[in-house]
Amino acid sequence: MSKMNPFEMFLKQVDEATPYLNVEQEFIDILKEPKEVLETSIPLRLEDGSVRMVKGWRSHHNNALGPYKGGVRYHPNVTQDEVMALSAWMSIKCATAMLPYGGAKGGVRVAPRELSKGELERLSRAYALGISRFMGTDIDIPAPDVYTNPQVMAWFVDTYEKVLGWSEPSAYTGKPIEIGGSLGRGDATARGGMYVLREALKEMGLFGKPLKATIQGFGNVGGYAHALFSEIGVTVIGVADSKGGIYNPKGLDYADLMKHKRTSGTVTDYPGGDRVSTDEILEAPVDVLIPAALEGMVTEANAGRVQAKIILELANGPTTPDAEAILQENDVLVIPDVLANSGGVTVSCFEWIQGRSGDYWSEKTVHEKLDERLTQAFHEIWKIKKANNIRMRQAAYVRAMGRIIAAMRFRGIWP
Ligand code: NAD
């Protein structure tokens with residue numbers, strides 16, 4: 001599968017939205033670069049006593065709307081360009097969800113599954129220390145992403161609080177509830193995607209009909225999507241993780257499959273379905289395809305074989321611009337990542353507010369506020385899409401870039 005550099009994908013997405021915005025080119029030029037990127041080299045002491053050098057990054061893309069916000073990814077293929085792209089997508093996403101944030105992202109080039117728990121903790125604490133002067137409650141607030149979780153956030157915030165010498169729960173989000181996490185953060189990304197999909201189905205006259213979906217990626221986001229989407233009448237008939245896929249046209253039972261994944265480490269040998277490849281999951285005869293793994297999965301090489309009517313991008317950057325053009329030709333609606341997966345950062349924002357005020361909300365309040373915000377964002381973007389006869393991603397970028405540029409214009413351009 002040919003993969004496009006993710007930062008080049010972002011640049012192309014900006015170019016595709018720019019003709020529909022009446023703005024000065026200088027602001028577009030600013031958006032096309034991250035403001036600053038920190039690279040850190042971490043000496044990691046391994047269990048055998050040796051030291052291995054590990055590279056990490058934190059990219060600040062734009063902070064016209066407020067402090068930088070974005071997750072931290074642990075993956076052996078992380079690159080600076082990927083982290084830069086993910087930070088830029090966060091700027092667009094925060095503006096899409098109407099949050100008072102700019103965009104950031106962090107990444108560590110490591111295979112966390114090859115580390116012992118002790119090594120993972122030492123690495124996480126060293127990364128938190130390395131970026132400590134580059135983040136903070138009103139500067140940049142990190143959160144979980146691929147292969148990081150509430151335990152990692154707990155090590156991050158604990159290390160940062162030791163640097164500060166005082167308690168600062170709002171410096172990190174996605175924390176365990178016991179140390180200031182928010183109710184409803186765990187499934188927030190998938191739940192937000194469900195609200196957005198529900199509104200799209202209503203617009204398309206499909207809401208209430210029995211629908212089928214496949215999910216690529218069975219981690220935090222993909223797993224919760226499987227658990228939740230039956231609430232809106234969507235049956236999941238296939239899922240894939242990094243080892244391969246499993247498929248059953250009658251539907252896959254979430255609790256049973258998750259139990260299997262927890263014990264065996266993968267979905268592939270689940271007895272309740274047939275083993276298939278990841279490509280077969282992407283190309284299955286379904287109504288909704290849900291990429292929830294990594295970027296660059298739907299490319300010009302396979303886009304023509306996608307049978308779904310809707311792609312709900314719960315992953316960041318799963319569809320390349322060339323693939324999107326093919327999907328448009330084939331009348332496939334792509335609900336873009338910057339809207340579809342913005343539930344995670346939205347509830348992270350709720351966690352930040354709760355951490356700052358000490359007033360913690362009920363799960364019901366979190367769900368209601370999330371639903372209200374994303375439903376509004378969906379309809380505003382849908383209106384722009386219809387008015388200009390453009391793709392949903394272009395419409396989302398038009399709205400988000402307009403908001404960021406309006407803030408930049410008030411602030412003025414400083415050296
Ligand atoms: P995770 O680490 O919990 O899960 C990732 C999953 O993807 C795993 O099941 C892994 O096996 C699978 N995977 C990796 N490579 C694959 C491949 N080639 N084919 C099939 N499956 C593959 O990560 P996550 O937090 O669920 O994040 C998934 C995506 O959602 C990422 O793009 C991430 O940036 C995005 N996202 C996450 C959040 C969040 O709150 N966690 C918020 C917004 C967006």
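As the structure lists them, so they are numbered: ligands from 1, and atoms in each ligand from 1.
Considering Gly217, Gly223, Ala293, Gly344 only, the shortest heavy-atom separation from atom 29 (C) of ligand 1 involves Ala293.
Those atoms of ligand 1 that come under 4.0 Å of a heavy atom in Arg73, given as number and element, are 31 (C), 32 (O), 33 (C), 34 (O). Interface of Met297 with ligand 1, defined as ligand atoms under 4.0 Å from a residue heavy atom, comprises 17 (C), 18 (N).
Between the CG atom in Leu289 and the CE atom in Met297 there is a gap of 11.5 Å [rounded to 0.5 Å].
Judged by the 6.0 Å and 45° rule, Lys105 forms no cation-pi pair with Trp57. For Lys385 and Trp382, the positive end sits near the middle of the six-membered ring, less than 6.0 Å away and at most 45° from its axis.
Within the 4.0 Å heavy-atom cutoff, Arg185 counts among the residues contacting ligand 1.
Considering both main-chain and side-chain atoms, Gly219 comes within under 3.5 Å of ligand 1 through a nitrogen or oxygen pair. Residue Asn341 has no nitrogen or oxygen atom sitting less than 3.5 Å from a nitrogen or oxygen atom of ligand 1, judged on distance alone. Checking only distances, Arg113 never comes within under 3.5 Å of ligand 1, N or O to N or O. Residue Tyr147 places at least one N or O, backbone or side chain, under 3.5 Å from an N or O of ligand 1.
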Derivation of the side chain to side chain contact (heavy atoms under 4.5 Å, CB included) call for Phe134 and Glu36: CA-CA 10 Å; Phe134 208 56; Glu36 52 198 9; 3.6 Å; yes
Ile405 and Ile28: CA distance, side-chain angles, deciding distance, side chain to side chain contact (heavy atoms under 4.5 Å, CB included) verdict: CA-CA 8 Å; Ile405 290 169; Ile28 303 294; 4.1 Å; yes
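In the model, Arg45 has no side-chain atom that pairs as donor or acceptor with a side-chain atom of Ser50 under 3.5 Å. At a cut-off of 3.5 Å, with distance as the only test, a side-chain donor of Gln13 or Tyr397 sits close to an acceptor on the other residue.
Ring geometry for His226 versus Tyr254: interplanar angle over 60°, hence perpendicular rather than tilted (30 to 60°).
Summary of contacts: the protein heavy atom closest to atom 33 (C) of ligand 1 is Asp145 OD1, 3.2 Å. The closest protein non-hydrogen atom to atom 14 (C) of ligand 1 is Ser242 CB, 3.8 Å. Among all protein heavy atoms, the one lying closest to atom 27 (O) of ligand 1 is Val146 CG2, 3.7 Å. The shortest contact between atom 39 (C) of ligand 1 and any protein heavy atom is with Thr189 OG1, 3.5 Å. Shortest contact from atom 9 (O) of ligand 1 to any protein heavy atom: Phe218 N, 3.0 Å. Shortest contact from atom 30 (O) of ligand 1 to any protein heavy atom: Leu314 O, 3.4 Å. Counting protein heavy atoms only, atom 26 (O) of ligand 1 is closest to Val221 N, 2.8 Å. Considering only non-hydrogen protein atoms, atom 3 (O) of ligand 1 sits nearest to Asn220 N, 2.8 Å.
Under the side chain to side chain contact (heavy atoms under 4.5 Å, CB included) test applied with Ile246, the options Val239, Asp241, Thr266 reduce to a single match, Val239.
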